[in-house]
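Structure first, commentary second.
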Amino acid sequence: MELFTVEFWLALASIIMIDLVLAGDNAIVIGMAARNIPKENQKKVIIWGTVGAVIIRAIATLLVVYLLMLPGLHLIGGLALVYIAYKLLIEEQEDNEVSSSTRIWAAIRTIIIADAMMGLDNVLAVAGAAHGDTLLVIVGLAISIPVMVWCSTLIMKLMERFPWIVALGSAILAWTAARMIMEESFLSGYFANWAIKYGFELLVVIAVVLIGLRQKKKKAQARTAEEPAM
């Protein structure tokens, strides 16, 4: 595709719109992962986590034909995202009794892994819109970086003000994970019935949120019990 033609700009606009429409889940992951990092380092985590995630997504988009040949990819990604949704829900700032730098890189790693697992639909959509044009993929994803940073920062501030949004974010990630699992080619037939499909989604969301909140409550009670002895 020739540079600066009408076709080029239309394709680029399509890629940017795809990134913006599908950026919600990614912004939630980034905001949740960064919320327990010291405030002076939160912007660093958001920026580097977003950049790393976009780089991985760009590479995956360019290799999408090969990725589609891997059996079990959606299942593995969905199961990994279930764990990440649970982990981000129960995580508290007090849990991290490690150095600041270790916490920063752990948060960035979580963002990149989660985005890689849940970015399959985005990768497929962008690859289709780019028609094999590497420049379009890179430019489109690069433009999406500041938008994701802004959205992640906004979500993180809302979580600080309204703690219940953390549970909501975990529920959204769990729902995304359930959808990924059902999209696995050798499992999709089991979810043809709408009752089974929506029942499975509801089961995964409820399990992640309830188990996560219960574990979070236990950890809070354990910390309260230890306070007099300190």
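Nothing fancy with the numbering, it's 1 onward along the sequence. As the structure is a computational prediction, the values presented were derived from the model and not from experiment.
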**Message:** Could you measure the distance from the CD1 atom of Ile104 to the CD atom of Gln42? Nearest 0.5 Å is fine.
**Reply:** 10.5 Å

**Prompt:** Do Ile165 and Leu89 sit in the same hydrophobic cluster, where Ile, Leu, Val, Met, Phe, Trp and Tyr count as joined when their side-chain heavy atoms come under 4.5 Å apart?
**Reply:** yes

**Prompt:** Which pair of heavy atoms, one from Thr110 and one from Ile84, lies closest together, and at what distance?
**Reply:** CG2-CG2, 4.3 Å

**Item:** Least distance between heavy atoms, Val208 atom then Ser170 atom
**Value:** CG1-OG, 3.6 Å

**Prompt:** At their closest point, which heavy atom of Gly49 faces which heavy atom of Ile111, and how far apart are they?
**Reply:** O-CG2, 3.6 Å

**Inter-residue atom distance Leu79.CG - Ile181.CD1, 0.5 Å rounding** = 4.5 Å

**Complete:** Nearest heavy-atom approach of Lys219 to Ile90 is NZ-O, 3.6 Å

**Prompt:** Short question: side chain of Arg35, backbone of Met32 - any donor-acceptor pair under 3.5 Å?
**Reply:** yes

**Request:** Keeping the roles fixed (side chain from Glu201, backbone from Ala178), state whether a donor-acceptor pair exists under 3.5 Å.
**Result:** no

**Request:** Show the numbers, then the answer: is there a side chain to side chain contact (heavy atoms under 4.5 Å, CB included) between Tyr86 and Ile211?
**Result:** CA-CA 8 Å; Tyr86 167 78; Ile211 295 174; 3.9 Å; yes

**Prompt:** Atom CD1 of Ile112 and atom CH2 of Trp105: how far apart are they, to the nearest 0.5 Å?
**Reply:** 8.0 Å

**Message:** Measuring from atom CD of Glu183 to atom CG of Leu75, what distance do you get when rounded to the nearest 0.5 angstrom?
**Reply:** 12.0 Å

**Prompt:** Is any side-chain heavy atom of Lys218 closer than 4.5 Å to a side-chain heavy atom of Gln215?
**Reply:** yes

**Request:** Check Ala174 against Ala85 and note the closest heavy-atom contact, atom names and distance.
**Result:** N-CB, 3.9 Å

**Prompt:** Between Val209 and Ala167, what is the shortest heavy-atom contact and its length?
**Reply:** CG2-O, 4.1 Å

**Request:** Can you measure from CD1 (Ile47) to CD1 (Ile30) and round to the nearest 0.5 angstrom?
**Result:** 11.0 Å

